[in-house]
Amino acid sequence: MNKPSKTLLITDLCLFAFAVGFFFVCSVLKNLFPVTASPINICLSAVCALAVILLMLFQYRGRQAVGIINIIISFALSIALYGVYHLPVFAFIGEKGIQNGICGLFVFTLFSRFALNLSVYLKNNYGYAVTSSNLRANVQGRGVITGAYVMAKVLKTFAIFIFLGGVFMAMFNAFMPVIDISTPYQMVFLHKTLAEVMKH
């Protein structure tokens with residue numbers, strides 16, 4: 001098992017903690033974040049989006065030492081954050097506001113980090129096959145491309161689209177606060193139809 005990257009672990013935990021902290025602020029100071037397009041909502045969403053964009057660019061611009069723990073933690077935190085968002089203490093279920101865009105941004109970012117971590121892990125550990133005919137090439141860091149290498153490329157592309165989707169969601173909801181990210185939760189766990197959710 002490869003050693004996990006402490007930098008990635010700390011970053012994932014910080015992203016999770018920041019999002020949860022923002023949920024608390026939003027739930028306590030709802031008057032500061034009106035359920036309409038406002039300069040505060042737009043600026044805050046833009047700052048968060050820019051921060052995660054720069055973070056992703058700097059952390060994944062080169063080769064990373066990624067371990068299984070990095071993959072598990074990023075996936076678990078993305079699921080946990082979506083669950084935390086629906087805790088009764090926040091009372092966000094069915095509410096439209098900036099918290100929806102920010103939640104989407106961080107959930108999608110954590111999930112894209114899971115896909116990127118898995119991509120890097122597959123490429124680094126299983127991307128090239130060592131054979132007697134390409135032994136010299138492998139000594140130089142290359143070899144025959146395997147299916148894992150192709151899968152890693154697919155995962156990387158998927159991760160980029162997921163991440164951009166989160167950024168788009170945050171900015172769209174800042175200008176047009178109509179997104180309710182609790183819709184899937186209400187349909188699956190509260191057994192509501194889409195029509196019932198949209199009426200709220």
I'd like to know if the side chain of N100 reaches the main chain of E95, judged simply by a donor and an acceptor atom lying under 3.5 Å from each other, with no hydrogens or angles considered.
yes
Taking all non-hydrogen atoms of both residues into account, name the closest pair between E196 and K192 and its distance.
OE1-CA, 3.3 Å
side-chain contact (heavy atoms from CB on, under 4.5 Å) evaluation trace for V89 with S27:
CA-CA 8 Å; V89 66; S27 62; over 6 Å; no
Could you pull out every donor-acceptor pair under 3.5 Å between side chains of residues 12-26 and any protein atom, sequence neighbours left out?
residue: D12; atom: OD1; partner: R113; partner atom: NE; Å: 2.4
residue: D12; atom: OD1; partner: R113; partner atom: NH2; Å: 3.1

V120 side chain near N70 side chain, heavy-atom distance below 4.5 Å:
no
Any side-chain heavy-atom pair from M169 and F108 closer than 4.5 angstrom?
yes
May I ask you to decide if Y121's main-chain N or O and N125's side chain share a donor-acceptor pair within less than 3.5 Å?
yes
Side-chain heavy atoms nearer than 4.5 Å, only ILVMFWY residues, links allowed to pass through others: does that put I40 and V178 together?
yes
Would you mind listing every salt bridge (charged side-chain N to carboxylate O under 4.0 Å, His left out) that reaches into residues 70-84, with sequence neighbours excluded?
none
Run the numbers on L116 and L155 for side-chain contact (heavy atoms from CB on, under 4.5 Å), then give the verdict.
CA-CA 7 Å; L116 280 171; L155 281 170; over 6 Å; no
Donor-acceptor contact present, side-chain N41 to main-chain A174, <3.5 Å
no
When hydrophobic residues are tied together by side-chain contacts of less than 4.5 Å, even through go-betweens, does F161 share a cluster with Y60?
no
Start with the C-alpha gap between Q59 and T11, add the side-chain angles, then the distance that decides, and say whether side chain to side chain donor-acceptor pair (under 3.5 Å) holds.
CA-CA 10 Å; Q59 284 204 325; T11 303; 2.8 Å; yes
Mark yes when over 12 heavy atoms from residues, nucleotides or ligands other than M151 sit less than 6.0 Å from its CE; otherwise mark no.
no
Flag the pair Y85 / F92 as yes when their ring centroid distance falls below 6.0 Å, and as no otherwise.
yes
So, do F114 and F111 have ring centers that fall under 6.0 Å from each other?
yes
Determine which pairs satisfy side-chain hydrogen bond (donor to acceptor under 3.5 Å, both in side chains) with at least one residue from residues 170-182, sequence neighbours left out, and list them in order.
D180-S182, D180-Q186, S182-Q186
What I'd like to find out is whether the side chain of L44 reaches to under 4.5 Å of the side chain of F33, using heavy atoms alone.
yes
